[in-house]
A.B. asks: 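Mind looking over this structure? Questions follow.
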Amino acid sequence: GIFREAMTADHAAGWKDEVKRTVKQLTTTAFLSAVFLATCAGALGSFLYVIDGQNFLQQWIPDQVVFNVMVMFASLVAAFRTAHALENFVDAACYLHSLSASWFDAASSLIAFCKLSEAPEEKVNNFIQTLVRLISIMNALSLDSLQGATLGQSALHEFEVLDVHDLDEHTQDIILGSEHKVEAVFQMTQQLVVDGVHNGVLNIAPALVAISLQDLAAALMTYHEAKKLAEVKMPVSYQFITLLIQMTITTMVPCFIVMYVQGALSGFLYPFGGTFLLGFLNAVAESLHNPYRKSSRTLDSEGVQRQLNHQLETLVLQLHVGTPEYRPQQVLEGNQNSSAKRSTFANWTGSRTLYGSNSGEVKQEVVRRRSLVAVGEEDQEQTQAAQSGEQESA
């Protein structure tokens, strides 16, 4: 009841999902702007073909060498900007997954340290529940900050967090009122760890706790590394010259193509195709300047946040699962001299149905084990009471 219901695990997308994803890509600002620009070029080409009855274009259009040089220069600029955009995309994807991995690494170590805690169970549980909520909030605030604060609410990702309302009112007010929310929650998490060491919840060597604090610091550094992709913009002069080249190509391509076509339809299609390719490359590069934005439709930031929430839930559930033990099958069968058996991962997972692919099955197994333990304790208490009664009567 403490955690929200675990969401259904993402399944492999079928052809319908692929069609929906393709339709979404065709409705992006980059695609629509390229179509608009290419339509203008195509319409200009058709118009020039219809009115050019006296071939006045040949008197005003420069030599074809000039046109070839202009197209080559525009292609080089587009290639450079596309390469820069792809580099931004790769870096953004690395930062996105490295960020959540660092948060999870720190939470996993700290929760594992609680396994040997001698503090009261209430304090340990309060520490763990507070920790996973702060980690979930920290990752969500980081991703929300990376997508930019100047956009409208409809253009922003919406990130789920683990029961933030279970935190005390004072903590919620500090987070919401802070100007630098990520750093504020980061400091709260470090204070929580230090308090855990002081009150005995983290009954572990201080050097090991320091490693977890370093993992938290590494996640914060990754967040600030990713901010350069979200906040550092291309120089205005470079954006201006790119726009000027694109408009020049949009105007020159129809004027040159119309002298070699045989009809108004071809006068529309050829300028449309050439201008669309260049315009689409430029628009895609512009949208990839900050891949964390929802409008770019490239990185699944919401999916990464949901996955981290599932991982944190699993950490809490696994705290009540026994420590793994070495129990070779040969010993269980009474044959210690047999050679080790090998099998594929698929055969092993097919033969073991204890843990499924989602955290719901793990949760059900943990609840089942808790109920069995509770029943066993009740039976043991009843047996002890019966034995004491017999001894008293004797």
Side-chain angles (χ1 to χ4, degrees), residues 2-4 92 95-114 123-149 151 153 156-199 201-202 209-231 292 299 301-316:
I2 296 179
F3 281 113
R4 58 169 174 75
Y95 290 142
L96 176 65
H97 292 278
S98 177
L99 184 65
S100 61
S102 298
W103 297 134
F104 175 80
D105 188 15
S108 176
S109 300
L110 293 173
I111 292 178
F113 295 157
C114 296
K123 286 187 177 181
V124 176
N125 183 69
N126 181 72
F127 173 82
I128 294 175
Q129 301 296 345
T130 306
L131 176 65
V132 295
R133 283 161 176 78
L134 292 179
I135 294 294
S136 177
I137 295 172
M138 211 160 16
N139 190 70
L141 291 176
S142 301
L143 298 180
D144 183 70
S145 176
L146 291 176
Q147 64 181 337
L151 303 176
Q153 187 65 29
L156 296 176
H157 287 289
E158 295 182 358
F159 302 105
E160 297 179 353
V161 293
L162 291 177
D163 288 344
V164 63
H165 297 291
D166 287 347
L167 297 175
D168 60 280
E169 296 292 337
H170 179 66
T171 301
Q172 297 183 41
D173 293 339
I174 293 178
I175 296 175
L176 295 177
S178 176
E179 183 178 357
H180 304 283
K181 295 181 174 57
V182 177
E183 289 77 4
V185 180
F186 176 81
Q187 184 63 24
M188 290 180 182
T189 307
Q190 291 200 114
Q191 292 177 355
L192 177 68
V193 174
V194 173
D195 291 343
V197 175
H198 178 70
N199 57 28
V201 173
L202 295 176
V209 179
I211 296 177
S212 299
L213 295 178
Q214 290 176 359
D215 292 334
L216 291 175
L220 186 65
M221 290 298 297
T222 302
Y223 161 68
H224 283 281
E225 285 286 336
K227 288 181 68 175
K228 68 181 181 181
L229 302 179
E231 297 183 357
Y292 298 107
L299 297 177
S301 301
E302 296 180 6
V304 173
Q305 174 67 18
R306 289 194 298 268
Q307 184 180 11
L308 178 62
N309 290 337
H310 293 325
Q311 293 170 347
L312 294 174
E313 290 176 346
T314 305
L315 282 180
V316 178

A.B. asks: Using modelled atom types only, decide if a donor and an acceptor are shared between the side chain of Arg306 and the backbone of Glu160 within a distance under 3.5 Å.
C.D. replies: no
A.B. asks: To the nearest 0.5 angstrom, please state how far the CG atom of Leu162 sits from the CD1 atom of Ile135.
C.D. replies: 11.0 Å
A.B. asks: How far apart are the closest heavy atoms of Ala230 and Leu146, and which atoms are they?
C.D. replies: CB-O, 3.0 Å
A.B. asks: Got a donor-acceptor contact below 3.5 angstrom from the Ser142 side chain to the Met138 backbone?
C.D. replies: yes
A.B. asks: Under 4.5 Å between any side-chain heavy atoms of Phe127 and Asp195, yes or no?
C.D. replies: no
A.B. asks: How many angstroms lie between CG in Asp144 and CD1 in Ile137, if you round to the nearest 0.5 Å?
C.D. replies: 12.5 Å
A.B. asks: Can you list everything that forms a side-chain hydrogen bond (donor to acceptor under 3.5 Å, both in side chains) with Glu302? Sequence neighbours excluded, please.
C.D. replies: His157
A.B. asks: Answer yes or no: is there a side-chain heavy-atom contact under 4.5 Å between Leu308 and Ser136?
C.D. replies: no
A.B. asks: Taking the side chain from Ser108 and the backbone from Phe104, do they hold a donor-acceptor pair closer than 3.5 Å?
C.D. replies: no
A.B. asks: Below 3.5 Å, can you tabulate the donor-acceptor pairs from side chains in residues 95-103 to any protein atom, sequence neighbours excluded?
C.D. replies:
| from | atom 1 | to | atom 2 | distance (Å) |
| --- | --- | --- | --- | --- |
| Ser100 | OG | His97 | O | 3.2 |
| Ser102 | OG | Ser98 | O | 2.9 |
| Trp103 | NE1 | Asn139 | OD1 | 3.4 |

A.B. asks: Output the distance between atom CG (Leu141) and atom CZ (Phe186), rounded to the nearest 0.5 Å.
C.D. replies: 14.0 Å
A.B. asks: In Å, rounded to the nearest 0.5 Å, how long is the span from CZ of Phe159 to OG of Ser301?
C.D. replies: 5.0 Å
A.B. asks: For Asp168, which residues count as a side-chain contact (heavy atoms from CB on, under 4.5 Å) partner, sequence neighbours excluded?
C.D. replies: His170, Thr171
A.B. asks: Shortest non-hydrogen contact from Tyr292 to Ala226?
C.D. replies: OH-CB, 3.5 Å
A.B. asks: For residues 175-192, which residue pairs pass the side-chain hydrogen bond (donor to acceptor under 3.5 Å, both in side chains) check, not counting sequence neighbours?
C.D. replies: Glu183-His224
A.B. asks: Taking Gln172 for its side chain and Leu167 for its backbone only, find out whether a donor-acceptor pair lies under 3.5 Å.
C.D. replies: yes
A.B. asks: Please list every donor-acceptor pair under 3.5 Å in which a side-chain atom of residues 209-220 meets a protein atom from a residue at least two apart or in another chain.
C.D. replies:
none

A.B. asks: Does any part of the side chain of Val132, heavy atoms only, come nearer than 4.5 Å to the side chain of Ile111, both counted from C-beta?
C.D. replies: yes
A.B. asks: Could you grab the distance from atom CG of Leu315 to atom CD of Glu313, nearest 0.5 Å is fine?
C.D. replies: 10.0 Å
A.B. asks: In sequence, state the C-alpha distance, the side-chain angles, and the governing distance for Gln129 and Asp166, and then conclude on side chain to side chain contact (heavy atoms under 4.5 Å, CB included).
C.D. replies: CA-CA 9 Å; Gln129 301 296 345; Asp166 287 347; over 6 Å; no
A.B. asks: Run the side-chain contact (heavy atoms from CB on, under 4.5 Å) test against Gln307 and tell me which residues pass, sequence neighbours left out.
C.D. replies: Gln311
A.B. asks: If you compare all heavy atoms of Val185 against all heavy atoms of Leu134, which two are closest, and at what distance to 0.1 Å?
C.D. replies: CG1-O, 3.6 Å
